[in-house]
Structures are given as structure tokens and as C-alpha cells.
Colleague: 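Pasting in a structure now, in C-alpha cells, and then I'll have a few things to ask.
These numbers come from the heavy atoms of this one structure, side chains and all, not from hydrogens, waters or symmetry mates.
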Amino acid sequence: TELFPKFIEEVKSKTNNKVNIDLYAGGQLFGHSETADAVSQGVCEMGFVSLNHFAGYSPVLTFNEYAFVVDSFDSWNKNQDEMFKITDEILNSIGVKLLCFAPYSDTYIISNKEINKPEDVKGLRIRGVSDPFFDCIKAWGGVPAAMTPDEAYDAMSKGALDGIMSGIDSAKSRNYFEVADYISGPTASSIWMLIINKAVWENLPQDIQQSIQEASNNMSTTGFSEQARIDQEAADFLKTQGMQVKQFTLEEVAIWKKASQPAYDQYIKTCTDAGQGELAQKILAMFLK
């Protein structure tokens with residue numbers, strides 16, 4: 001709602017209206033994983049998806065879904081250039097060109113019990129957002145649950161769910177503060193990406209490519225700075241609604257990472273089974289050092 005209208009207008013302006021981008025938001029064309037397939041196959045030209053939505057092509061790209069691997073935007077920014085090379089190379093092999101990374105709201109644990117350390121999750125039924133997060137919840141002693149955001153709200157209100165892993169901005173927009181008293185994190189900084197079909201990209205004139213790439217870079221820069229502001233505004237708002245907002249310290253993050261090791265081991269095993277173990281180990285070493 002904020003980044004894409006500006007991106008589209010910038011592309012039109014830089015190309016003197018030679019390129020027009022039609023935006024279909026909220027899954028109007030495809031769901032997230034379907035979008036990854038559609039761009040790869042050339043069914044649509046561009047898409048905005050998370051790294052994890054390409055898990056079916058390369059399990060290596062699920063690293064961002066494991067809690068506390070990318071534990072902050074600062075952590076991501078230190079490794080972004082190297083991750084661009086790695087990700088673009090993987091995507092190129094399936095007919096996709098990476099234009100830029102952009103963030104989504106930091107993931108937190110929303111609960112009716114104060115959660116400060118991994119042991120506090122033991123025995124709790126927690127809604128996760130993906131299989132990697134399920135592995136982390138299990139590593140902490142919790143019971144993972146798969147459900148939509150709306151289902152999670154209803155389950156929390158009825159006491160059938162103890163916690164929700166979701167973006168802090170979603171805790172505000174989805175009114176989770178109505179059914180929970182605590183929010184702890186961040187557990188992960190969610191990284192998404194703007195992609196284009198590789199054949200479409202290569203058929204564009206060089207000046208058009210340059211204009212689109214410049215607009216993409218600007219979108220990425222704006223996205224990371226603005227998302228940090230949006231997340232802070234969400235945290236401030238949740239406090240006014242009576243929620244206790246817990247921000248993990250560096251020392252606490254180190255404890256959570258240690259408790260998450262069984263999930264990281266599963267990531268390495270999954271990638272090794274797919275012949276990508278060495279690359280997976282390299283990525284974890286970059287972020288967990």
C-alpha cells in the first residue's frame with residue numbers, strides 16, 4: 001500500500017511512460033507460493049514474495065523462516081550484498097531475476113503468558129507461519145499449530161491457542177491486542193523480494209533495465225527505513241492498548257539461538273538431502289557468527 005504505488009510511478013517517470021506496471025495486491029492474481037511459480041513460468045512478469053515461497057525450488061531459501069537467524073534488519077543489512085548474489089544465482093537457474101529485497105514487519109510471539117526465554121514456551125500451543133517456524137517452536141518445547149490469521153484470533157479468544165507468531169504490525173492491524181496481553185520479540189526479521197521473469201528482463205532495452213533497477217533499489221532503501229518506523233509505531237500503539245511489549249536483549253537472543261539449534265540442524269539436514277548442505281552451512285555461519 002505504500003511502497004508499490006511509489007515504485008510504479010517512479011518506473012513510469014524514469015521510462016517516460018514506456019513501462020506501465022499493473023498492481024494486483026492481496027492475492028488478486030495468485031497466492032504467494034503460486035506467484036513464485038507464475039513468475040518462474042512467465043505467467044506473470046513480476047511478483048513480490050518472501051524467500052520462503054521458493055522453498056519448493058531450493059530449501060536453502062528457507063533460512064529466513066528459522067527464528068533468530070536474521071534477528072534484526074541490522075543483521076540482514078550486514079549480509080545483504082552477499083545474500084543478493086546467492087539468491088539471484090538460485091533464482092536465475094529457474095528463470096527468475098532478483099530486483100531487490102524489501103522487509104515485512106518483524107515477527108513476534110503474541111501470547112497471554114509472559115514469554116522471556118525459551119522455557120516459557122514449553123507446553124504452549126503456538127501458531128506458526130511456516131514449517132521452519134514449527135521446527136523452532138518444537139525446539140523450544142511448544143506445540144506448533146497451523147492456521148490463518150483470522151483463525152488464530154478466534155482460537156486465542158476461545159483459549160484454544162496460547163500464542164501467535166506474527167508480524168508486530170499485524171498485531172495492531174488484526175487487533176490481536178484484544179485477545180492477548182503480551183508480545184515478545186523480535187524472533188525474526190521477515191525479508192521479501194521483488195522479482196521479474198528472467199526472459200522478460202533480458203528482452204528489455206538496457207536503459208529500461210537501468211530505470212527499473214534504480215526504482216527497485218530506491219524501493220528497498222525506503223522499505224527498510226520505513227518498516228522500522230512502522231514497527232516502532234505498532235509497538236507504541238500496542239502499549240496504549242495495555243499490552244506488555246518485550247524487546248529481547250542481545251544476551252537473550254543468544255539464549256534463544258542456542259535453544260533453536262535443533263531447528264537449525266534440521267535446516268542443514270533438509271538442505272544436505274537436496275545437495276545444498278554446504279551453501280546452507282555458509283548462510284547460517286554468516287548470520288549466527
Colleague: Side-chain contact, heavy-atom cut-off 4.5 Å: Tyr57 with Val96?
Modeller: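 Not touching, per the 4.5 Å side-chain cut-off.
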
Colleague: Ser211 side chain to Thr15 main-chain N or O, any donor-acceptor pair under 3.5 Å?
Modeller: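 Not at all, since once roles are kept as given, no pair shorter than 3.5 Å links the two residues.
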
Colleague: Run the side chain to side chain donor-acceptor pair (under 3.5 Å) test on His32 and Thr35 for me, step by step, so that the C-alpha distance in whole Å, both residues' side-chain angles and the decisive distance to 0.1 Å come before the verdict.
Modeller: CA-CA 5 Å; His32 293 308; Thr35 296; 5.5 Å; no

Colleague: Between Asp120 and Lys117, is there a salt bridge with N-O shorter than 4.0 Å?
Modeller: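 Between Asp120 and Lys117 there is a salt bridge, with a charged N closer than 4.0 Å to a carboxylate O.
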
Colleague: Is the ring pair Phe224/Phe73 parallel, tilted or perpendicular, if the boundaries are 30 and 60 degrees?
Modeller: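 Perpendicular: the ring planes of Phe224 and Phe73 meet at over 60°.
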
Colleague: Any heavy-atom pair between the side chains of Asp135 and Pro262 that's under 4.5 Å?
Modeller: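 The answer is no, as the side chains (C-beta and beyond) never meet within the 4.5 Å cut-off.
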
Colleague: How about Phe84 and Leu98: do any of their side-chain heavy atoms sit closer than 4.5 Å?
Modeller: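 In short, these two side chains touch, coming nearer than 4.5 Å.
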
Colleague: Distance-only criterion, 3.5 Å: show the donor-acceptor pairs between side-chain atoms of residues 268-276 and protein atoms not counting sequence neighbours.
Modeller:
unit_1 : atom_1 : unit_2 : atom_2 : d
Lys269 : NZ     : Asp273 : OD2    : 3.0
Thr270 : OG1    : Gln266 : O      : 3.0
Thr270 : OG1    : Gln266 : NE2    : 3.1
Thr272 : OG1    : Ile268 : O      : 2.7
Gln276 : OE1    : Ser58  : OG     : 3.2
Gln276 : NE2    : Ser58  : OG     : 3.3

Colleague: Please report the C-alpha distance between Tyr267 and Gln281 in whole Å, then the side-chain angles of each, then the deciding distance to 0.1 Å, and finally whether the side chain to side chain donor-acceptor pair (under 3.5 Å) criterion is met.
Modeller: CA-CA 9 Å; Tyr267 169 69; Gln281 290 177 340; over 6 Å; no

Colleague: Do Trp76 and Ile191 make a side-chain contact, defined as non-hydrogen atoms from C-beta onward lying under 4.5 Å apart?
Modeller: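 SC-SC contact between Trp76 and Ile191 confirmed.
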
Colleague: If I take atom CH2 from residue Trp256 and atom CH2 from residue Trp140, how far apart are they, to the nearest 0.5 angstrom?
Modeller: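 The distance works out to 5.0 Å.
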
Colleague: So does Glu252 pair up with Lys246, basic N to acidic O under 4.0 Å?
Modeller: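 Yes, this pair counts.
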
Colleague: Supply the atom-to-atom distance Tyr66 OH to Leu288 CG, rounded to the nearest 0.5 angstrom.
Modeller: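 So the gap between those two atoms works out to 12.5 Å.
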
Colleague: Below 4.5 Å, heavy atoms only, C-beta onward: do Lys97 and Leu91 meet side chain to side chain?
Modeller: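 No; the side chains remain at least 4.5 Å from each other.
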
Colleague: Report the distance from atom CG of Asn112 to atom OH of Tyr182, rounding to the nearest 0.5 Å.
Modeller: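 Here the interatomic distance stands at 8.5 Å.
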
Colleague: Before giving the answer on side-chain contact (heavy atoms from CB on, under 4.5 Å), spell out for Thr187 and Phe133 the whole-Å C-alpha distance, their side-chain angles and the decisive distance to 0.1 Å.
Modeller: CA-CA 10 Å; Thr187 62; Phe133 271 113; 4.1 Å; yes

Colleague: Determine whether more than 12 heavy atoms belonging to other residues, nucleotides or ligands lie under 6.0 Å from atom CD of Gln206.
Modeller: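 No.
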
Colleague: May I ask you to test the Met83-Met193 pair for a side-chain heavy-atom distance under 4.5 Å?
Modeller: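 They are not in contact (no side-chain heavy atoms under 4.5 Å apart), so the answer is no.
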
Colleague: With a 6.0 Å cut-off on ring centres, are Phe237 and Phe177 close enough?
Modeller: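 Yes, they do, as the ring centres are separated by less than 6.0 Å.
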
Colleague: Would you say the side chains of Asn218 and Glu214 form a donor-acceptor pair under 3.5 Å?
Modeller: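 Not at all, the side chains of Asn218 and Glu214 share no donor-acceptor pair under 3.5 Å.
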
Colleague: Would you kindly say whether Asn52 and Thr62 are connected by a side-chain donor-acceptor distance under 3.5 Å?
Modeller: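 Side-chain D/A pair, Asn52 to Thr62: absent.
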
Colleague: Apart from Leu99 itself, what residues make up its hydrophobic cluster, given side-chain heavy atom links below 4.5 Å?
Modeller: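 Listed partners: Leu3, Phe4, Phe7, Ile8, Val11, Val19, Ile21, Leu23, Met46, Phe48, Tyr104, Trp192, Leu194, Ile196, Val200, Trp201, Leu204, Ile208, Ile212, Met219.
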
Colleague: Counting only heavy atoms from other residues, nucleotides and ligands, does the tally under 6.0 Å from CD of Glu89 exceed 12?
Modeller: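 At most 12 heavy atoms, drawn from other residues, nucleotides or ligands, come within 6.0 Å of this atom.
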
Colleague: Under the side chain to side chain donor-acceptor pair (under 3.5 Å) criterion, do Asp231 and Gln227 qualify, and how do the steps go?
Modeller: CA-CA 6 Å; Asp231 283 359; Gln227 191 62 59; 2.9 Å; yes

Colleague: Whether Glu10 and Lys14 form a salt bridge (side-chain N of Lys/Arg under 4.0 Å from carboxylate O of Asp/Glu) is what I want to check.
Modeller: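 Glu10 and Lys14: salt-bridged.
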
Colleague: Please examine the side chains of Leu161 and Met147, heavy atoms only from C-beta on, and report whether any two atoms are closer than 4.5 Å.
Modeller: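 They are in contact (side-chain heavy atoms under 4.5 Å apart), so the answer is yes.
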
Colleague: Do Asp154 side-chain atoms and Asp150 backbone N/O form a donor-acceptor pair below 3.5 Å?
Modeller: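 Flag not set: sc Asp154 to bb Asp150 has no pair under 3.5 Å.
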
Colleague: A side-chain contact here means heavy atoms from C-beta on lying under 4.5 Å apart; do Glu65 and Cys136 qualify?
Modeller: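 SC-SC contact between Glu65 and Cys136 ruled out.
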
Colleague: Identify whether the distance between the nearest side-chain nitrogen and carboxylate oxygen of Glu233 and Arg229 falls below 4.0 Å.
Modeller: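 Yes, this pair counts.
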
